[in-house]
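Residue numbering restarts at 1 for every chain, and letters A, B, ... go by the order of the sequence lines. Just so you know, these numbers come straight off a predicted model, no measurement behind them.
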Amino acid sequence: MSSNEAVAACFEEMARLLDLLGADSFRVSAHARAARAIADHPADIATLVADRAALTKIDGVGSKTADKIIECINTGTIAELKELRAQVPPGLLELLHIPGLGPKTVRMFWKDAGVIDKAGLKRIIDDGTILNLPRMGAKSVEKLKASLAFENEAGKRLNIGLAMPLAERLVERFKAMAGVIGVQFAGSLRRGKDTVGDLDILVAVADAPAAPTPGASKAKSTDDNVHPVLAAFVAMPDIKQVLAAGERKASARVALNFTSTRWKGDDDGDGSDKTPTIQVDVRLIAADAWGAALMYFTGSKDHNVVLRGLARDKGLTLNEYGLFPDPEAERDQAPPQSRGVKAIASRSEEEIFKALGVAWVPPEIREAHGETSLPQTPSLITLADVKAELHAHTTASDGRLSLRELVLEAKSRGFHTITVTDHSKSSAVANGLSVERLLAQIDEIHRLRGEIDGITILAGSEVDILADGVLDYDDDILARLDVVVASPHVALSQDPATSTKRLLKAIRHPMVHVIGHPTGRLVNRRAGMSPAMNELIAAAKEHRVALEINAHWMRLDLRDTHVRQATEADCMMAIDCDVHERDDFNNLRYGVLTARRGWLRKEQCVNTWPAADLQAWLKSKR
DNA sequence: GCCGTTTTCGGCCCGACTGTTTTCAGTCG
């Protein structure tokens, strides 16, 4: 765990504990906001402890938080956190992960019924005493029981590579329904985060219910007023649990259909064979409020807060229905859309950004990291810009495609260059190539060049960076390769100082072009190494080495925050699919989303360069 | 606890849905 994540975890825990203790809600959210700010900060927070002013410059970090960050880095913990822990039974925190249970209810269980952990909660459910507690009726208890049944996966975030195909399938189903004008997923999936907590799907319908008026009776949902589109959603065969279904919104847990053979049967070995599910929220939107809703539900939360603040500064109010005039004198009244106030902008995101005086912000960078004060929309890399693959395996090591199949597949996808980089000799489990096999493969590649035209075929290797930073082939062998991708595969739990030294050694090697999956992390599964990224980036820039964004959704390594650091330093980057089978080329989209989240521009990514420029760089290292 | 050209106090985004309620609190995003 990087120090940013470790410190952020402390602040997140403090927020939860304060919540359970009934602290002021703004103090709670200030802690939670500080946790997000620290986790998302591009630089290693540990490098800032000597510079308190730099810490307080981070949005959401004030003087008290800065002191606690310094204390946390220097001592490994925070005294206040220890004090808070002493006041709250530790078992209460896990109750907060149960869907539908929030701090107020958990605190009530604790104070009114003496519940201090999950076992205690199950006990009062089983003996029926839960029904004597305030606001606990039969329906609430039934919901709670159902949530407990899903709790294992409920708190877990889902990899983008699993969430995206499901979202796209659902979008297609909604598009086929009568009365549907448009469909788009929003939320962290649209922002391209490496994992998503749930899916948000917006459906534009001609007969969207009007915004409620203050005087109207708030009828609770019955089967009668559930919209047909939402009724069709909650009746879909893969729905496992309906959480809510009303006029405008429905929520349900939806089963995932696994299609990836590499993932199947790999369920963390906890012995559960329950079908994994993810919560899907579907909202019906009127066409004239489409842009406002899309912005609102795309977020992020912090980005929305900034936009709302900008609106307020202009005497406007921004909500999911639009951007409205909202003079001071009327701010105590009901929301503008329910008073018949006409929106200044609402139909499209573009017109709302324009009316706010903000240059259009691509969804991937809506994270409240300064994107709303840019003079113009940043020019970020796109999927279509990528014209070369520099990291691909064949059946010679652990790939599923033959050399010829790999080259033809790359050609069919419009790449001007494909690089063959099978594993090096130490990767025994991956059938790494001995020197003899590597030399034979180079000859084979040279022969293939004469047979297949229209694409440049380069001979390379994914050379192991051994634990001490030494490369897995000697220099005279490396000199015969067009491309060297050097990657760490073993000793991935090295401490930060050792891993920094190890990776720096590889970066400084004169024949290395790309550092493959630099930290070795696996999303949601393995933390990988935490090298001093600022040092790696500085060295990579100096030695004209590209740091890879491995596009496989199980890796996404480097991650978004690292890319942002590299982008700011103007370091060269590569986006590679690490191809092992045909479908792996499709993972490019996830690498590009991660790159965009890191504000990467086309020209900073070697895979976008014209063939001649790419060749010139590769040859400069020979 | 953070923040500030409405600044050192008094705000802090705002709406949908649910369940248990006789008008609202809690959760979620």
Side-chain angles (χ1 to χ4, degrees), chain A residues 11 14-15 18-19 23-35 37 56-68 80 96 98-108 131 133-144 147 154 186-188 196-200 202 209 211-212 214 217-222 225-227 230 242-251 279-285 289 292-293 295-313 315-322 324 326 328 331 334-338 368:
Chain A
F11 277 87
M14 284 195 282
L18 286 166
D19 226 345
D24 171 55
S25 67
F26 294 111
R27 199 172 152 221
V28 173
S29 50
H31 278 81
R33 188 178 169 214
T56 54
K57 272 198 201 105
I58 301 171
D59 264 347
V61 176
S63 63
K64 291 188 177 176
T65 299
D67 287 340
K68 284 182 234 174
E80 186 187 334
L96 290 175
I98 298 169
L101 275 193
K104 298 286 197 311
T105 310
V106 172
R107 180 175 163 80
M108 184 271 289
L131 291 164
L133 294 171
R135 313 189 53 77
M136 280 294 131
K139 275 195 172 178
S140 297
V141 175
E142 278 315 303
K143 265 197 148 169
L144 190 49
S147 291
S188 48
V196 301
D198 61 15
L199 301 183
D200 296 289
L202 306 186
S217 65
K218 279 191 212 164
K220 65 175 196 157
S221 61
T222 65
N225 59 13
V226 174
H227 191 280
L230 298 180
V242 178
L243 301 167
E247 284 182 279
R248 299 173 184 78
K249 180 195 159 179
S251 292
Q279 181 171 330
V280 179
D281 296 336
V282 180
R283 291 179 171 81
L284 302 185
I285 311 294
M295 276 176 79
Y296 184 84
F297 291 109
T298 297
S300 66
K301 188 188 171 94
D302 291 335
H303 170 87
N304 284 350
V305 168
V306 172
L307 289 185
R308 279 170 192 285
L310 290 173
R312 280 179 80 95
D313 293 346
L316 307 171
T317 194
L318 175 65
N319 63 28
E320 64 203 78
Y321 295 106
F324 299 90
D326 192 26
E328 189 94 30
R331 287 205 174 154
Q337 70 276 6
S338 65

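Of all heavy-atom pairs between A:Val306 and A:Ala368, the closest is CG2-CB, 4.0 Å. Between A:Val28 and A:Ala23 the shortest heavy-atom distance is CG2-O, 4.1 Å. The two residues A:Asp59 and A:Arg33 have their closest heavy-atom pair at CB-NH2, 4.0 Å. Here the closest non-hydrogen pair linking A:Ala293 and A:Ile285 is CB-CD1, 3.5 Å. Nearest heavy atoms, A:Leu230 versus A:Arg248: CD1-C, 3.7 Å.
Look at the C1' atom in both B:dT7 and B:dC12: the space between them is 15 Å, to the nearest Å. A gap of 12 Å separates the C1' atoms of B:dG10 and B:dT6, to the nearest Å. The same atom, C1', is picked in B:dT23 and in B:dT18; the two are 15 Å apart, to the nearest Å. Taking atom C1' on both nucleotides, B:dT8 is separated from B:dG1 by 15 Å, rounded to a whole Å. Comparing the same atom, C1', in B:dA25 and in B:dT20 gives a spacing of 10 Å after rounding to whole Å. Nucleotides B:dT21 and B:dA16 have their P atoms positioned 24 Å apart, rounded to a whole Å. Comparing B:dC2 with B:dC13, their P atoms sit 16 Å apart, to the nearest whole Å.
Residue A:Arg27 has a polar side-chain atom (N or O) positioned under 4.0 Å from OP1 or OP2 of B:dG1. Considering only side-chain N and O atoms, A:Asn319 lies under 4.0 angstrom from the phosphate OP1 or OP2 of B:dG15. Note on A:Arg135: every side-chain N or O is 4.0 Å or more away from OP1 and OP2 of B:dG26. For the OP1/OP2 pair of B:dG1 and a distance below 4.0 Å, the side-chain nitrogens and oxygens of A:Lys64 include at least one atom meeting the criterion. Listed pair A:Ser251 / B:dC28 fails the phosphate criterion, with no side-chain N or O lying under 4.0 Å from OP1 or OP2. Not one side-chain nitrogen or oxygen of A:Ser63 sits closer than 4.0 Å to the OP1 or OP2 atom of B:dG1.
Scored by the side chain to side chain donor-acceptor pair (under 3.5 Å) test, A:Asp198 finds no partners at all (sequence neighbours excluded). Take A:Arg283 and apply the salt bridge (charged side-chain N to carboxylate O under 4.0 Å, His left out) test, not counting sequence neighbours, and it matches A:Asp200. Under the rule for a side chain to side chain donor-acceptor pair (under 3.5 Å), the partners of A:Thr298 that lie at least two apart in sequence or sit in another chain are A:Arg190. Contacts of A:Glu320 classified as side chain to side chain donor-acceptor pair (under 3.5 Å), with partners at least two apart in sequence or in another chain: none. For A:Thr105, the side chain to side chain donor-acceptor pair (under 3.5 Å) criterion is met by no residue, not counting sequence neighbours.
Distance A:Glu247 CD to B:dT18 P: 10 Å, rounded to the nearest Å. Rounding to whole angstrom units, CG of residue A:Asp281 and P of B:dT27 are separated by 17 Å. In this entry the distance linking CG of A:Leu230 with C1' of B:dC17 reads 12 Å, nearest Å. Remark: P of B:dG26 and CG of A:Leu133 are 14 Å apart, rounded to the nearest angstrom. For A:Asp198 and B:dT27, the CG to C1' distance is 13 Å, given to the nearest whole Å. Look at CG on A:Leu144: it is 12 Å from P on B:dT20, rounded to the nearest Å. The separation between A:Leu101 atom CG and B:dC28 atom C1' is 13 Å, rounded to whole Å. Straight-line distance from the CZ atom of A:Phe297 to the P atom of B:dG29: 11 Å, rounded to whole Å.
Using a 4.0 Å heavy-atom criterion, one finds that A:Lys143 contacts the sugar-phosphate atoms exclusively. Residue contacts for A:Ala138: at a heavy-atom cut-off of 4.0 Å it reaches the sugar-phosphate backbone alone, with no base atom in range. Across all strands shown, A:Val28 has no heavy atoms under 4.0 Å from either base or sugar-phosphate atoms.
Where A:Pro103 and A:Met136 meet DNA chain B, the nucleotide closest to each residue was compared, and A:Met136 sits on the side nearer the 5' end. For the pair A:Val141 and A:Thr65, nearest-nucleotide mapping onto DNA chain B gives the more 5' position to A:Thr65.
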Under 3.5 Å, N/O pairs linking protein and nucleotides 7-12 of chain B:
none

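Side chain of A:Lys249, nearest nucleotide from B:dG29, B:dC14, B:dA16: B:dA16. The side chain of A:Gln279 lies closest to B:dG29, out of B:dG1, B:dG15, B:dG29. Nearest nucleotide to the A:Ser140 side chain, out of B:dG15, B:dG19, B:dC13: B:dG19.
As the counterpart of B:dT8, no nucleotide is assigned, since no Watson-Crick or G-U wobble pattern has both distances under 3.5 Å.
On a pure distance criterion of 3.5 Å, a polar donor-acceptor pair joins the side chain of A:Tyr296 and the base of B:dG29.
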